[in-house]
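Below you'll find the structure, written out as structure tokens, and then a few comments.
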Number of protein chains: 2
Amino acid sequence: MKQQKRTTIYDIAQKLNLAASSVSRALSNSDKINAETKALVLKTAAEMNYQQNAMASNLRKGNNPTIGVVVPRINQYFFSNIIAGLEEVTFNKGYNLVICQSNELHSREVAGVNALVNQNVSGIVISIAAEQGSSDHLQQVLDRNIQLIQFDRVLEELETFKVVNDNHKASYEAVKHLIDQGYRRIALLEGPQELHIFRERKEGYLAALRDHGFPVQEELMYANAWTKELGAVATARLLDMAIPPDAIFASTSDFAALGVLEVASAKGIRIPEELGICGYSNEPFTEITSPSISTIDQFSIEMGKTIGNLHFQEMENSGMVIKKTVNIKPKLIIRKSSQRL
Amino acid sequence: MKQQKRTTIYDIAQKLNLAASSVSRALSNSDKINAETKALVLKTAAEMNYQQNAMASNLRKGNNPTIGVVVPRINQYFFSNIIAGLEEVTFNKGYNLVICQSNELHSREVAGVNALVNQNVSGIVISIAAEQGSSDHLQQVLDRNIQLIQFDRVLEELETFKVVNDNHKASYEAVKHLIDQGYRRIALLEGPQELHIFRERKEGYLAALRDHGFPVQEELMYANAWTKELGAVATARLLDMAIPPDAIFASTSDFAALGVLEVASAKGIRIPEELGICGYSNEPFTEITSPSISTIDQFSIEMGKTIGNLHFQEMENSGMVIKKTVNIKPKLIIRKSSQRL
DNA sequence: TTGTATGCGTTATCAG
DNA sequence: CTGATAACGCATACAA
């Protein structure tokens with residue numbers, strides 16, 4: 001297997017008795033070049049199988065048309081959708097996407113961000129890991145004038161664009177819906193409160209209770225129930241109470257809601273008659289459980305596109321815009337698990 | 001917002017009254033440098049907030065430690081799992097991952113591959129789009145001595161490593177299982193036969209019928225039913241036959257199987273008593289439908305890891321290894337939708 | 001061990 | 001319109 005040398009602009013310049021600079025101009029579609037020579041160059045370039053060396057070009061131009069993405073997990077519906085939406089936008093602009101997953105680990109998040117900085121990417125899109133630490137790595141990104149866009153799980157104190165769902169509102173509406181359906185003891189499955197999004201969801205829950213004259217009962221709020229397994233455990237406990245809840249809002253995820261559903265079904269509790277359930281995220285499976293699970297759609301694909309557009313818009317304005325927070329309005333999807341009227 | 005210049009090795013060389021080469025050596029942990037000066041360089045580099053310019057380094061070294069991935073859709077469970085598994089391996093080796101999605105379009109696949117070639121990536125991992133065309137773009141990858149690994153949907157004629165499931169065997173076993181459960185008229189939902197994987201699955205189906213003395217009946221084989229909607233349409237047709245099938249093997253996907261389940265349920269057909277169903281891919285939702293859907297697990301995360309390992313292994317052997325096909329053995333997951341004994 | 005010089009493949013600047 | 005030349009930031013062969 002021979003190591004084949006790539007053909008460079010010099011090779012094709014030599015062949016045509018031209019200067020490399022002319023070849024470069026032809027290839028970059030400059031207007032400072034004769035139309036005929038341009039055509040000739042293009043033709044021979046194709047013949048010689050020329051492909052530009054992006055690294056050299058980017059080094060010279062001092063910028064790298066790629067966007068780095070750091071997410072907790074690539075293979076989660078929400079995140080892979082964000083990426084898919086983002087890719088849609090970046091592809092059309094000729095930008096590349098470099099992906100890192102933090103696995104919810106701060107150290108890996110830092111490593112990923114640094115790798116992206118080293119590559120001189122034009123922007124970094126991030127949703128921070130559950131395990132948190134110093135935000136120096138992100139501050140560095142800003143110092144180096146790399147566009148930084150946070151989404152979903154954001155660090156508020158950093159002055160960046162943020163694309164988030166209105167968690168408070170979504171949560172409020174979910175609880176209001178449960179109240180409207182006649183549920184009176186509504187339990188909450190909480191996520192890690194270090195993450196902003198979960199605090200907001202809790203506040204939305206509390207606000208809805210307050211606004212409708214319901215008492216806040218500590219024993220109905222169950223911390224850290226954000227997987228199917230933890231949701232199941234939480235449900236078992238809640239249903240064992242002297243006066244158990246008549247509805248459970250799994251503000252953490254649909255997976256937690258699924259845990260609720262399975263445990264409750266196993267106990268022979270009728271849903272939605274005896275127990276209302278609402279999840280969060282509109283995972284595909286919520287549509288096909290029995291009963292189907294009410295949930296909140298976060299418009300993840302649109303979010304990805306919004307992030308991409310924001311990046312290019314900010315680039316054009318070269319960072320002179322005020323970094324604002326874009327709120328994607330989530331939508332309550334009412335299904336059978338919470339409809340008893 | 002000031003455009004901040006990145007500090008380079010020259011900056012830190014100047015500050016320390018050293019040559020840039022010495023700084024470079026210190027930073028790259030060379031042994032041809034005094035331990036003290038190395039420590040000094042490292043220290044000041046940190047102080048000056050130095051980050052290596054990967055593009056310059058890669059250009060000089062003539063290689064780019066990143067792997068490009070081209071998949072039809074990022075946000076599909078199977079593919080995002082492949083990526084997650086792959087990322088696990090590449091991260092540990094300090095490699096980056098660049099992701100492109102073809103959206104099942106040949107033109108986008110070509111564009112993606114070319115972009116990756118331009119970036120001089122060390123390897124490309126691809127699962128080809130349903131819409132097929134010339135394979136010149138992939139041949140180019142080989143000509144340029146870039147590692148090419150195909151997975152799942154592969155072009156057989158190309159001499160590359162291939163990581164695939166044994167589709168034939170999985171399909172065979174699924175059908176055998178249905179036969180063992182006493183089903184006698186087993187229908188097949190086929191995928192686009194241009195794709196190798198779907199031809200193999202069909203052959204597995206045919207082989208199983210043949211080996212068990214069942215006649216092959218053209219009217220039981222339904223082409224191009226690889227989405228939930230198409231699966232539903234196919235099912236409606238099949239169930240309307242004079243002598244309808246008593247089992248349906250959705251060899252295309254679990255989504256198609258879901259379409260089957262929904263249509264059959266709506267018609268009041270009892271599953272698995274009157275109709276057996278088996279899907280393909282072990283999507284998370286197959287576990288929670290009612291009844292749960294029998295399916296085939298492809299071990300996607302492991303596949304991703306295998307691909308990664310293969311890349312590095314091949315790199316070390318500098319391509320002298322014979323390009324073989326790695327067969328990941330899929331596993332039949334028997335659930336309620338096909339168990340009536 | 002350290003410094004000097006050169007080149008990786010492009011693009012931008014300046015003359016012609 | 002075209003050619004010569006420098007520079008992007010780093011790594012290496014060679015000399016000291």
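Letters A, B, ... are given to chains in the order of the sequence lines, protein chains preceding strands, and every chain is numbered from 1.
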Which residues satisfy the salt bridge (charged side-chain N to carboxylate O under 4.0 Å, His left out) test with B:Glu302, sequence neighbours excluded?
none
Quick one: does any side-chain atom of B:Gln147 pair with a main-chain N or O of B:Ser122 as donor and acceptor, under 3.5 Å?
no
Among residues 112-122 of chain B, which residues get a heavy atom nearer than 4.0 Å to DNA chain D?
none
Nucleotide D:dC8, atom P - distance to CG of A:Asn58 in whole Å
16 Å
Between C:dT1 (P) and B:Asp31 (CG): distance, integer Å
8 Å
Summarise how protein sits on nucleotides 10-16 of chain D as a single string, 5' to 3': B when a protein heavy atom is under 4.0 Å from the base, S for sugar-phosphate-only contact, - for no contact.
BBBB---
Between C1' on C:dT2 and CG on B:Leu16, what's the gap in Å once rounded to a whole number?
14 Å
For A:Asn29 and C:dA12, give me the distance from atom CG to atom P, rounded to whole Å.
14 Å
Would the distance check show the side chain of A:Asn75 and the main-chain N or O of B:Ser80 forming a donor-acceptor pair, the cut-off being under 3.5 Å?
no
Salt-bridge contact A:Glu104-A:Arg153 (side-chain N to carboxylate O under 4.0 Å):
yes
Do the ring planes of A:Phe78 and A:Phe151 sit parallel (below 30°), tilted (30 to 60°) or perpendicular (above 60°)?
tilted
Name all residues meeting the salt bridge (charged side-chain N to carboxylate O under 4.0 Å, His left out) criterion together with B:Lys93; count only those two or more places apart in sequence or in a different chain, and write none if there are none.
none
With heavy atoms under 4.0 Å as the rule, sort B:Ile33 into base, sugar-phosphate or nothing.
sugar-phosphate
Got a sec, which pairs hit side-chain hydrogen bond (donor to acceptor under 3.5 Å, both in side chains) with one end in residues 109-121 of chain A, sequence neighbours left out?
A:Glu109-A:His137, A:Asn114-B:Gln51, A:Gln119-B:Asn96, A:Asn120-B:Arg6
Just checking, any donor-acceptor pair under 3.5 angstrom between side chains of B:Thr90 and B:His311?
no
B:Asn34 side chain vs B:Glu36 backbone, donor-acceptor pair below 3.5 Å:
yes
Give the rounded distance in Å between these two atoms: CD of A:Glu36 and P of D:dT2.
9 Å
Taking the side chain as every heavy atom from C-beta outward, state whether B:Glu194 and B:Glu131 have any atom pair closer than 4.5 Å.
no
May I have the distance from A:Leu40 (atom CG) to D:dT2 (atom C1'), rounded to whole angstrom?
14 Å
With a non-hydrogen cut-off below 4.0 angstrom, is B:Asp11 in contact with a base, only sugar-phosphate, or nothing?
nothing
Would you say the side-chain atoms of B:Glu87 pair up with the backbone N or O of B:Leu97, donor to acceptor, closer than 3.5 Å?
no
Degree of bending, the helix from C:dT1-D:dA16 to C:dG16-D:dC1 (end axes from five pairs; round to 10°):
40°
